[in-house]
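Worksheet: one structure, shown below.
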Amino acid sequence: MFRDVPRLELMAASPGAQELINGIRTSPSSVMRVDPAQKHHGRLAIPAKEGKLVSIGGVGVKFKISGDETNRAFSIVEHHVQPRTLVPPHLHHDTDEYSYVVEGQFGARIGDEILLAGPGDYILKPRGIPHTFWNPTDKVARLVEIISPAGFEKFFAEAGELFTQGPPEFERVGALAAKYNATFGWNEWVSELTKEYKLKLFG
């Protein structure tokens, strides 16, 4: 007998249903109130000057967002790369990197592809593909690096400690990279790129 009666009309016709509906609409407990600051550990803005800065032989690293703040989803650092400086070719086994160029220019080799990026451009460096990047200009260049998932930013922190005593043996830097599941290599790229773009290897 109720087949043709809309379900809401049936509900409204039930004893006490309207009082129940009104109670849901007006009850304070029916509205979830979440403090957004709790999700971000109290930090909702990061000033441009904020962040510890370390140097690893011509490549500056400023730490902006740690993996602890994102449940290890990602971390963000800024790289300030000195003129004509080449980052050693390497491969991440479990990390993707996304670079946003803020200032200057960057060259990059990703696998067999060589590209040049300027302000506003992105460079994608997927895991499992060897890559390197460099500053081909005579001025400092700057990019924002998004590391996903987080973790490799800790390599930069430890490498910064190594460089405080002067350039360490490259084997020590390679061993540190291996600790964070990355591999240095592709040395033939270094000779080719330094000659082609008048670069020097970081260190």
Side-chain angles (χ1 to χ4, degrees), residues 43 45-67 69-70 72-160 162-163 167 173 176-177 180-184 186 189-190 192-194 196-203:
R43 217 166 60 129
I46 303 171
K49 294 183 179 180
E50 184 176 315
K52 179 182 177 181
L53 179 64
V54 301
S55 177
I56 51 175
V59 179
V61 185
K62 180 180 279 190
F63 300 91
K64 303 301 290 188
I65 299 177
S66 73
E69 296 178 87
T70 66
R72 289 188 48 80
F74 66 90
S75 60
I76 296 180
V77 300
E78 291 181 6
H79 287 313
H80 305 75
V81 181
Q82 294 299 312
R84 305 288 171 182
T85 297
L86 172 70
V87 172
H90 59 282
L91 177 149
H92 298 280
H93 296 279
D94 56 4
T95 302
D96 300 311
E97 293 179 315
Y98 308 91
S99 302
Y100 176 76
V101 180
V102 177
E103 181 181 356
Q105 288 188 326
F106 282 92
R109 178 169 179 173
I110 303 163
D112 292 330
E113 184 173 352
I114 294 180
L115 54 89
L116 183 67
D121 293 337
Y122 291 81
I123 303 171
L124 279 58
K125 296 169 285 183
R127 69 188 70 187
I129 301 178
H131 61 270
T132 183
F133 62 96
W134 60 89
N135 177 357
T137 76
D138 294 321
K139 297 181 179 180
V140 174
R142 183 164 59 98
L143 60 76
V144 172
E145 188 88 295
I146 302 171
I147 301 166
S148 176
F152 195 73
E153 72 278 8
K154 295 178 181 179
F155 162 82
F156 297 126
E158 292 195 42
L162 287 180
F163 276 86
V173 183
L176 182 60
Y180 292 99
N181 217 11
T183 302
F184 285 155
W186 301 273
W189 291 12
V190 175
E192 294 172 8
L193 294 170
T194 52
E196 178 72 19
Y197 299 99
K198 300 179 175 61
L199 307 172
K200 59 183 181 297
L201 189 64
F202 97 137

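For reference, positions follow the sequence shown, starting with 1.
- Put simply, the side chain of Glu192 never gets that close to the backbone of Trp189: no donor and acceptor are under 3.5 Å apart.
- Below 30°, between 30° and 60°, or above 60°: for Phe202 and Phe163 the angle between ring planes is between 30° and 60°, a tilted geometry.
- Closest non-hydrogen pair, Ala73 versus Ser148, comes out as O-OG, 3.3 Å.
- Ile110 approaches Leu124 most closely through the heavy-atom pair CD1-O, 3.2 Å.
- A salt bridge does not link Arg109 to Glu196: none of the charged side-chain nitrogens sits closer than 4.0 Å to a carboxylate oxygen.
- Between Phe152 and Phe156, the two ring planes are perpendicular [angle over 60°; tilted spans 30° to 60°].
- No side-chain heavy atom of Val59 sits less than 4.5 Å from a side-chain heavy atom of Gln82.
- Between atom CD1 of residue Ile65 and atom CD1 of residue Ile46 there is a gap of 4.0 Å, rounded to the nearest 0.5 Å.
- Distance check, rounded to the nearest 0.5 Å: CZ of Phe106 to CD1 of Ile123 gives 7.5 Å.
- Remark: Thr183 pairs with His93 by the side-chain hydrogen bond (donor to acceptor under 3.5 Å, both in side chains) rule, at least two apart or across chains.
- Counting heavy atoms from C-beta outward, Arg142 and Val140 have side chains that stay 4.5 Å or more apart.
- Between the CZ atom of Arg84 and the NZ atom of Lys198 there is a distance of 7.0 Å, given to the nearest 0.5 Å.
- Summarising the geometry of Gly58 relative to Thr85, their closest heavy-atom pair is O-CG2, 4.1 Å, with the distance given to 0.1 Å.
- The two residues Leu116 and Pro136 have their closest heavy-atom pair at CD1-CG, 4.0 Å.
- In this structure, the side chains of Thr132 and Trp186 stay at 4.5 Å or more apart for every pair of heavy atoms.
- When side chains are defined from C-beta on, Val101 does not count as touching Phe133, because their heavy atoms never get closer than 4.5 Å.
- Using a 4.5 Å heavy-atom cutoff, the side chains of Lys62 and Val77 are not in contact.
- Here the side chain of Lys64 pairs no donor or acceptor atom with the backbone of Ser75 at under 3.5 angstrom.
- The shortest side-chain heavy-atom distance between Leu86 and Thr194 falls under the 4.5 Å cut-off.
- For the side-chain hydrogen bond (donor to acceptor under 3.5 Å, both in side chains) test with Tyr180, the passing option among Glu153, His92, Lys154, Glu158 is Glu158; the others fail.
- For residues 116-135, the pairs satisfying salt bridge (Lys or Arg N to Asp or Glu O under 4.0 Å) are Asp96-Arg127, Glu97-Lys125, Lys125-Glu145, with sequence neighbours left out.
- Between Pro88 and Val190, every side-chain heavy-atom pair lies at or beyond the 4.5 Å cut-off.
- The shortest heavy-atom contact between Arg72 and Gly151 is NH1-CA, 4.0 Å.
- For the pair Ser99 and Val144, the minimum side-chain heavy-atom distance is 4.5 Å or more.
- Relative ring orientation between Phe184 and Phe155 is described as perpendicular, the plane-to-plane angle rising above 60° on a 0-90° scale split at 30° and 60°.
- Shown here for Ile147 and Thr95, the closest heavy-atom pair between the two residues is CG2-CG2, 3.5 Å.
- Once rounded to the nearest 0.5 Å, the distance linking CG of Asn135 with CD of Glu103 reads 10.0 Å.
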